[in-house]
Each structure stands twice: as structure tokens, then as C-alpha cells.
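Accompanying notes for the structure given below.
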2 protein chains.
Amino acid sequence: MKRTRVTIKDIAKELNVSASTVSRALQDHPALKQQTKDAVRELAEKLNYRPNTMALNFLKQTSTTIAIIVPDITGYFFSAAVTGIQDILVSSGYNIMICISNESYEEESRIVEKLSKVQIAGILVAPSSTTFNFDHIKKIQRNNIPLVIFDRDCEGVDAHKVLVDDYSGAFEAVEYLIKTGCKKIAHITGASDLSTNNHRLQGYLDALKKNNLPILDKYIIYAQGFTHEHGIKPTESLLKSNNVPDAIFAVNDRLAVSAMRTAKKLNFRIPEDISIIGFDDEPHSTYFTPALSTVWQPVYSMGMLSARILLGDIKRKEDENLQLRYEVFKTELVIRGTSKKL
Amino acid sequence: MKRTRVTIKDIAKELNVSASTVSRALQDHPALKQQTKDAVRELAEKLNYRPNTMALNFLKQTSTTIAIIVPDITGYFFSAAVTGIQDILVSSGYNIMICISNESYEEESRIVEKLSKVQIAGILVAPSSTTFNFDHIKKIQRNNIPLVIFDRDCEGVDAHKVLVDDYSGAFEAVEYLIKTGCKKIAHITGASDLSTNNHRLQGYLDALKKNNLPILDKYIIYAQGFTHEHGIKPTESLLKSNNVPDAIFAVNDRLAVSAMRTAKKLNFRIPEDISIIGFDDEPHSTYFTPALSTVWQPVYSMGMLSARILLGDIKRKEDENLQLRYEVFKTELVIRGTSKKL
DNA sequence: AATCTCTATGCAAACGTTTGCACAAAAAGA
DNA sequence: TCTTTTTGTGCAAACGTTTGCATAGAGATT
């Protein structure tokens, strides 16, 4: 059970050459005799030689590990984004290290603290919903570690950013509801510090304004979280009020799904009595009855682009100066059964 | 923009001591004068000294990276398992490296091949559904890399295994259907090479046998994949046949959900005309109408235990001999609206 | 004063690989 | 035959840290 890996020296000794020669042979160095190369390669193959990555990383003082900090991966959104990131980075020879902040600012800070002690080639971060102080993010930059912020913006931080046009996604959704005759449109949103929530809320507000519909505070409900169970109370409070809305635009699919079930339980017909539109287009959203209308986001592409931008930054030369990228993806409105047809 | 990290030598030079002294001071070596320690620590703090992980890994010839190979993370199941693994490993100071096989044997082999070139402290693997040759897994063992197989079994491979009792989970579900009066129970399953599918199928078959119900080949349908869209055709073929079943037990929730929608479209009442039970208990399964009856698995715990077992193996001494762990988690039947009440 | 015992620190090797420079041997040119 | 060029290979340093061993200097014991 001994862990004796074959090293370059072993090969060198066996072949009566120096370690340098072996190293060069394996790299196909032009100054070497073909014969020597062949001999070395053959023996390396035979002994199942594998270069010691740790020695290499050490020598080159470079790490091939890239960290991804996400709030959660059990939901569709971030797991798809991570998959996109993964596909790009892995094919470029990098390893990804996943760090889950669990939507907690403290955990996120701890992660960043830990990462700063380890050598990391770059970091991709989607900040937690409870993060509104970005000092730790800025610290990453001060340590000169390439950084890309994706999906959720850190306002005031100058970094590469890959975002989604939440504003226009929400605007389109709400305007669609208006066009189909809805006049009393409620919005279930989430933590107000989160850029995505905020932009969707703005889109909602502006769509109402543009169409001369009144903005009612009681139609804007803050959910306490992002998962299904957080959608129940807000919906109940809306549907049991004395001014029942005729549409609900939810900040994500989970809340929309939850709203849908709650509405059904209260004997509302969907979409006749109440229209519902979500955000994200999670794969199972189509399978509800009626199928959920929602706003699709190119998550996977967002992950891929974020990874590509990070790679670009990592590979840029010391002297090249940093050109910050700011990319915003367009969403697409997907009309299914929970909203009326035009 | 230079990347000059402070090293132990820098501190040594500034303090006119040797590097060894600095190293020892930082480790609180007893032979050192308190005064020296304080001076070193203070300067280290001031210069923001961070030990070079790559140098340490190299010196100690140990890696703190653990690889997880999973078929996919966009679904609830594996992302929750990964979260469990992550929570344990991160708190023990390890980094996790996620590798996604995309349910492809080739990709999985490629991943293993790549990992064997990198130094890795251990590997957790849930094999892909198209993997039925386990040579690459055995190769991991031959390289003496600690290995834990989880969720999906690799039969014939002697390794730590953390599995779920799919057989009894399925058995219970089917027996429940029988008890509620179902007599014509169909099963939508998946790739037959996958241990989980196979055990669920066995549970299904044995439950029928035990209750003296006939086993009909046409009631056992193989879906081409695990996602929603793969459930449509199997369900249609069942419900449009001349011997329509009164219950469907699906190998996972996604297929069950899809079966449910298809049944609804064909105007079957659930559960009056047809009962449906899934497997996994994904979070959104409750939110369908009717809410999906299903078999819950302790995914998160499974992830955690797998990680703990792997850690135990990694930390075991060279001379201690390997005690293989074989752990099987119990499932729980969750009865909701898609099956009749007892 | 000579020897012994601590105490605190330094020296140097080791981990595996790459690479600039040196240099021997062979080949080419004079 | 002597010099110059080319070809192929080796030497040694470097990357940052730890650690066994050596040792200088101080204090204690004779």
C-alpha cells in the first residue's frame, strides 16, 4: 500500500541520463536526440510516469483552480450556471472549486477569507442575497485575483460583470399581463438588497407607470425567501384582501408555483380569475397545470460567458491593462397556461 | 500589478533571523523565545503574510482537493448530495472539485483519466447511467486513491459504498398502491444497467409477486432518460393501450410528474382513475395538483456520510488496514394526492 | 577555571520539475 | 592538424516551507 509515485529522477537513473534530459525528452525539446527521446518516453510509459502537479504548481507558482461562490446549488438556476462554467473551465484545463454561501453574508465572507489563503487562479461570484457590504469582494481584487461577478450585481464594485436584463424581463412580463387585460397586478418580490430583485421590481413599476396603472403598495409583497414555502403567505394575503389582484408577477418560478397552488386552493381559476407569471423558466415549470408562464433566462450561456471572461483575465499579460467587461443577457418571455392569450 | 506575495524569507530578512525561526515562530514551536515569536507574528501580520499552499502541498506531498464525479447537478438529487458532501469536506479543510459526467461513460472515463494525472486526496463517485464497465473505477483504487461510491452501485467493485435502499423503497410504494386497491400497476423505469433503477424494478416485481398480482411485460416501460420529456411517451403508450393500468410507479419524480401531466391531458382523474407514485421527493413535487406521492431519500445525509467515510479513509494510517464500509439508507414513503388514501 | 547542561537559533536537505548556462564530443571548415 | 561550429547533455539554481541535526552562548555544577 505504499504511495511511491514514479518521478523523473527514477527514469533518469534507470536510463543513466540526467533529470533535465528526461524533462526535456518529455517536452519534446528540439535539442535532444530522437533516440534519447524515444527511450525516455518508452520507459515513462512503461513505468506509468505522471508528472507531479503539486511540484509543477509550486515551480510555476500558478494554480489551475478556480473558485465559484454561489448562494446555493440545489436550485435549477445556479446549478445550471455552474454547469455552464464547468464546461468551459474544464475544457481549458482548470479545476473548479465550489463554495456555497447558503445565501449568508457571513458564510460568504468566511469563504473569501479562506480563499485568500489558498492560491487560486480566479474567482467567479454570485453574491448572497444578504450581502450588501462588498468589502470582501473588493479584497479579492486588491489581492489581484481575477474576478467575475455574475447574475447578481455588486453595485459600486468595479469588476467584470455578466448579468441578465432583469429589468426588461420584468417589464415585458408585466406589460404582457396588461395587454391581456389585467389591471390589478401584484408583485411578489424578495430581499430588496438583491440587484436582481430590485431590477425586476423596477421593471414592474415602470410597466405599470407606462400604462397608466396605479401603483399600490399593498400589491408589492416581500417574500422571506426564494423557495416554495415562502410564496404561500404573500399569496394568501393578496387573495384574501379586499382588493384582490387579477394577476401576480412573481420574482421567480418557485414563488410563482407556490402562488399558483395557493390560488387554486382558494378556488381561483388560473388564468381566468388570476394570471400568474414567474421568472427563471425552471424545467419543471412546464409540467404544472396550467403550465407556468415565465421569463426565460440564458443561465447556461451566462455561466459559459462568465467563465470565458475570467479565463481571458487570467491569461492576460502583466502589462496589458485591464479592460472590464460588462455583459447583459436578454431574457425571453415564455407564455404558457397561467396567463391569458393575447 | 505585481504579484509579489510575502514569503517567510522576507520576514526572516527583515528580522535578521533565519527562515526556520520564522517558520517555527508561526507554528508556536516550544523551543523558541516568546519574544522572538511575538516579533515574527507581529511582522507577519503587518505584512499580511499568507503561507504558500502550493509550497506546502508540494513539501508534504499531499493534496487537499477531493473530486466528486456526478452525472449531473442541475437536478435536485445530486445537487443536494453534493451540498451534503461539501458541507462536511469544507469544514474539514478540503476543497472540492466538481466533475460532471453528463451521464456519459466516455466523459466519466475521461474525467478519471484526468484526475489520475492530478494529485487528488480522494474521489467520490456516482457513476453515470451508461457506465457498465468499471475498469476506470478500479484504476482509481489501483492508484491507491481513497474512493467512495455513492447512490449508484458499481457491482463487483470493492470500495466504500453509501447507497439507498431502493429495493424496499420501491417495494413499499408498490405495496401501498396495492393496498389502496390498485391491481394493474405499471412501472416506468430507466436504463437497466443502473443499480438504482434495477433495485427499484426488483422491488416493484417482488411487491407484485408477494401480493399475487400478475407481472405484465407491457407494464414495464423503459424511459430513454431521466428528465420530464422522457416520461411522456411511456405514459401515453400505457394509457392508450387496450389494457390501461390503474397505477403508475415511476422511477423518479420527474417521470412521475410527466406521467401525471400526460394522464391529465388524456382526461384521467388522479388518483381516481390512475394513481401515481414517484421517487426522490424533489422540493417542487408537493406543489403539483394533486401533490405527488413519492419516496423520500435522505440525499443530504447520504452526501454527508459519503464524505465522512472518505475522510476516514484518507486519514487512516499506512499500516491500518482498509475496512470497507457499506452503508444503506432507508427511504420513506410520502403519501400525498396522487395516490388514494388507505 | 573547567566541564556540563540547557536554551535558542541556524544550517542544510528535501519535496519534483524546469531552464539558463556551461561544456564535452563530434562534425565541419580552414 | 588546428580552430570553429554544431549537437546533445549535464549542472545547478530556483520555487517556499519544514525539520533533524548541529552549535553558539549562557547558566549551572563541579
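Reminder, nothing fancy here: chain letters follow the sequence lines and each chain counts from 1.
Rounding to whole angstrom units, CE of residue A:Met54 and P of C:dT18 are separated by 14 Å. The NE2-C1' distance, from A:His29 to D:dT7, rounds to 11 Å in whole Å. The separation between B:Leu26 atom CG and D:dT19 atom C1' is 15 Å, rounded to whole Å. The nearest whole Å value for the distance from the CG atom in A:Leu59 to the P atom in C:dG20 is 12 Å. Summarising the geometry, the separation between NZ on B:Lys33 and P on D:dG25 is reported as 14 Å, rounded to the nearest angstrom. Rounded to an integer number of Å, the gap from B:Ile11 CD1 to D:dG16 P is 13 Å. Following rounding to the nearest Å, A:Asn52 (CG) and C:dC15 (P) show an atom-to-atom distance of 11 Å.
Within the 4.0 angstrom heavy-atom criterion, no nucleotide atom of any strand lies near B:Asn57. Residue A:Leu56 is in sugar-phosphate contact alone, with no base atom involved, counting any heavy-atom pair closer than 4.0 Å across all strands shown. Among the atoms of the strands shown, none is found under 4.0 Å from any heavy atom of A:Val22. Among the heavy atoms of the strands lying under 4.0 Å from A:Ile8 are primed sugar atoms or P, OP1, OP2 only; no base atom is included. Using a 4.0 Å heavy-atom cutoff across all strands shown, A:Asp10 reaches no nucleic acid atom at all.
Mapping B:Leu32 and B:Gln61 onto DNA chain C by nearest heavy atom places B:Leu32 at the nucleotide closer to the 5' end. Take the nearest nucleotide of DNA chain C for B:Lys60 and for A:Ser20: the residue whose nucleotide is more 5' is B:Lys60.
Using a 4.0 Å cut-off, some side-chain N or O of B:Gln27 falls inside it from OP1 or OP2 of D:dT19. Contact annotation: B:Thr21 reaches the phosphate of C:dG10 (side-chain N/O to OP1 or OP2, under 4.0 Å).
Nearest to the side-chain atoms of A:Ser18 among the listed nucleotides D:dT19, D:dC11, C:dT9 stands D:dC11. Side chain of B:Arg24, nearest nucleotide from D:dT18, C:dG10, C:dG16: C:dG10. Checked against D:dT17, C:dC11, C:dG16, the side chain of A:Lys9 finds its nearest nucleotide in C:dG16. With C:dG10, D:dT17, C:dG16 as the choices, the nucleotide that has an atom nearest any side-chain atom of A:Thr7 turns out to be C:dG16. Of the listed nucleotides (D:dC15, C:dT18, D:dT18), D:dC15 has the atom at the smallest distance from the side chain of A:Phe58.
The environment of B:Gln34 atom CD is dense: over 12 non-hydrogen atoms of other residues, nucleotides or ligands sit within 6.0 angstrom. Around CG of B:Asp158, the count of heavy atoms belonging to other residues, nucleotides or ligands within 6.0 Å does not exceed 12.
Of the inter-residue distances, the one linking A:Ile85 atom CD1 with A:Leu124 atom CG reads 4.5 Å to the nearest 0.5 angstrom.
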key: Trace of the side chain to side chain contact (heavy atoms under 4.5 Å, CB included) decision for A:His136 with A:Glu113   = CA-CA 8 Å; A:His136 56 305; A:Glu113 187 55 37; over 6 Å; no
request  = Report the C-alpha distance between B:Ile11 and B:Leu47 in whole Å, list the side-chain angles of each, state the deciding distance to 0.1 Å, and finish with yes or no for side chain to side chain contact (heavy atoms under 4.5 Å, CB included).
outcome  = CA-CA 8 Å; B:Ile11 300 180; B:Leu47 298 180; 4.2 Å; yes
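One finds no salt bridge joining A:Lys139 and A:Glu108 here, because no Lys/Arg side-chain nitrogen approaches an Asp/Glu carboxylate oxygen to under 4.0 Å.
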